[in-house]
Number of protein chains: 2
Amino acid sequence: MESATETHGSESLLFLTDEQLRKGIEAMFFAYRAFTADPDRILENYEYGRAHHRAIHFINRQPGLTVSTLLAMLGVTKQSLNRVLRTLVADGLVEARVGRQDKRERNLHLTARGASLERELSDAQRARMRAAYRNAGPAAVTGFRQVLEAMMDPDLRRYYQSMKDSAP
Amino acid sequence: MESATETHGSESLLFLTDEQLRKGIEAMFFAYRAFTADPDRILENYEYGRAHHRAIHFINRQPGLTVSTLLAMLGVTKQSLNRVLRTLVADGLVEARVGRQDKRERNLHLTARGASLERELSDAQRARMRAAYRNAGPAAVTGFRQVLEAMMDPDLRRYYQSMKDSAP
DNA sequence: TTGGAAAGTCAACATAGCTGACATAAAATC
DNA sequence: GATTTTATGTCAGCTATGTTGACTTTCCAA
């Protein structure tokens, strides 16, 4: 499995050796841990967890989204999400409005307080991301996003690609 | 490609807009979920979890490492790790040898069975990583690794950089 | 010889996943 | 209009994995 790519003649596929792939795996692990560390620290002050952060993030990204849409993005059970949403609604960070056309649906929005926490969390996370981007440079950022995109499950990739990407 | 890299001057930092950074954050989230999905599925058959996988991964990477070294890499408490290690040792996947110089230390090694599970998990994870790498191309892979590296906490980055990177 | 580091263990707890069962309201279908 | 399906919410209970705190054992090194 190792040397299969090296016998290709050109060294253009050297990055597919087992060692290279293992390094990529470790890079994902270490980077993801750093990536969540700042928000986690902030969330402790509010007695919320990572699950709350994720919900808040996606509600902010797509205001008015329904519970089932959010479920699909988070990839958890409705029971698990509901526990989180209940506290966020009770604490006045999220508003669940009855759907206009379909009254079974709940359209989720951040309140002013919810938006404020979202900003605090996002600021910290973006600061680290920005520093990493600055350090690595624009070309690296493009590659970074390309690889992550290729790694995603197709359904989520479709959602991901549909989101707006540049400043208004 | 993004338009951010195509122009220079004031627009050369367009990739640092909030929207771009938020996309990067989402990319990390979605990709990381896909990244862990395959091993998680395999681990269910063995009644192990992600924590076992991580321990097995690092013991394989650095055979003979001590418990404290592993703790530093995983970033969890010794109580949490100990629960995992105990089951792995009891099940005959990991061997904890008393240190030769310092007998307080335990040098961790995978047994044949442990190495076999490691391979099964790693094969799945590398397959996805390989597919993503193939799809994105060598230049993207370089960028991917650069950004992840820049995102890591310095201590772990040092460990990460010290690991061998190419096939022997 | 003693202090402190490395490792292991016990207890108790929290978070956030999960399954299964069930309830309600509204939409969709027959 | 009656029935079925869908979207959501909820209760109960389980599991995995993290946490803190207190304690012991081992044993290196000053």
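Below, chain A is the first sequence line, B the second, and so on; all start at residue 1.
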Write down the distance between [atom1] ([X]) and [atom2] ([N]), rounded to a whole number of angstrom.
X	N	atom1	atom2	answer
Leu71(B)	dG18(D)	CG	C1'	13 Å
Asp40(B)	dC18(C)	CG	C1'	13 Å
Glu105(B)	dT25(D)	CD	C1'	16 Å
Tyr46(A)	dA14(C)	OH	P	22 Å
Leu81(B)	dA6(C)	CG	P	15 Å
Asn82(B)	dA16(D)	CG	P	17 Å
Tyr48(B)	dT15(D)	OH	P	17 Å
Leu43(B)	dT15(D)	CG	C1'	15 Å

Does [X] place a side-chain N or O at less than 4.0 Å from the phosphate oxygens OP1/OP2 of [N]?
X	N	result
Thr77(B)	dT19(D)	yes
His52(A)	dA16(C)	yes
Arg86(B)	dG8(C)	no
Arg54(B)	dG18(D)	yes

If you look at every strand shown and take non-hydrogen atoms under 4.0 Å, does Gln101(A) touch a base, only sugar-phosphate, or nothing?
sugar-phosphate
Let's see if you can work this out: which of dA26(C), dT8(D), dT17(D) has an atom nearest to the side-chain heavy atoms of Ala51(B)?
dT17(D)
In terms of side-chain heavy atoms of Ser68(A), which of dA7(D), dA16(C), dA26(C) is nearest?
dA7(D)
Within the modelled atom types, does a donor on one side and an acceptor on the other bring the side chain of [X] and the base of [N] under 3.5 Å apart?
X	N	answer
Arg104(A)	dT6(D)	yes
Lys78(A)	dT8(D)	yes
Arg106(B)	dA7(C)	no
Arg83(B)	dG18(D)	yes
Gln79(A)	dG20(C)	yes

Nearest-nucleotide check on DNA chain C, Asp102(A) vs Arg50(A); residue mapping nearer the 5' end is Arg50(A)
Between Tyr48(B) and Tyr46(B), what is the ring plane arrangement, given parallel below 30°, perpendicular above 60°, and tilted in between?
parallel
Anything under 30° is parallel, anything over 60° is perpendicular, the rest tilted; go ahead and classify Phe58(B) against Phe29(A).
tilted
Looking only at side-chain N and O atoms, does Thr77(A) offer a donor or acceptor that is under 3.5 Å from a partner on Ser80(A)?
no
Find out whether Tyr32(B) and Met28(A) are in side-chain contact, i.e. whether some heavy atom of one side chain is under 4.5 Å from a heavy atom of the other.
yes
I'd like to know if Asp153(A) pairs up with Arg128(B) as an ion pair, taking the criterion as any Lys NZ or Arg NE/NH1/NH2 lying under 4.0 Å from an Asp or Glu carboxylate oxygen.
yes
Are Arg61(A) and Glu19(B) within salt-bridge range, i.e. N to O under 4.0 Å?
yes
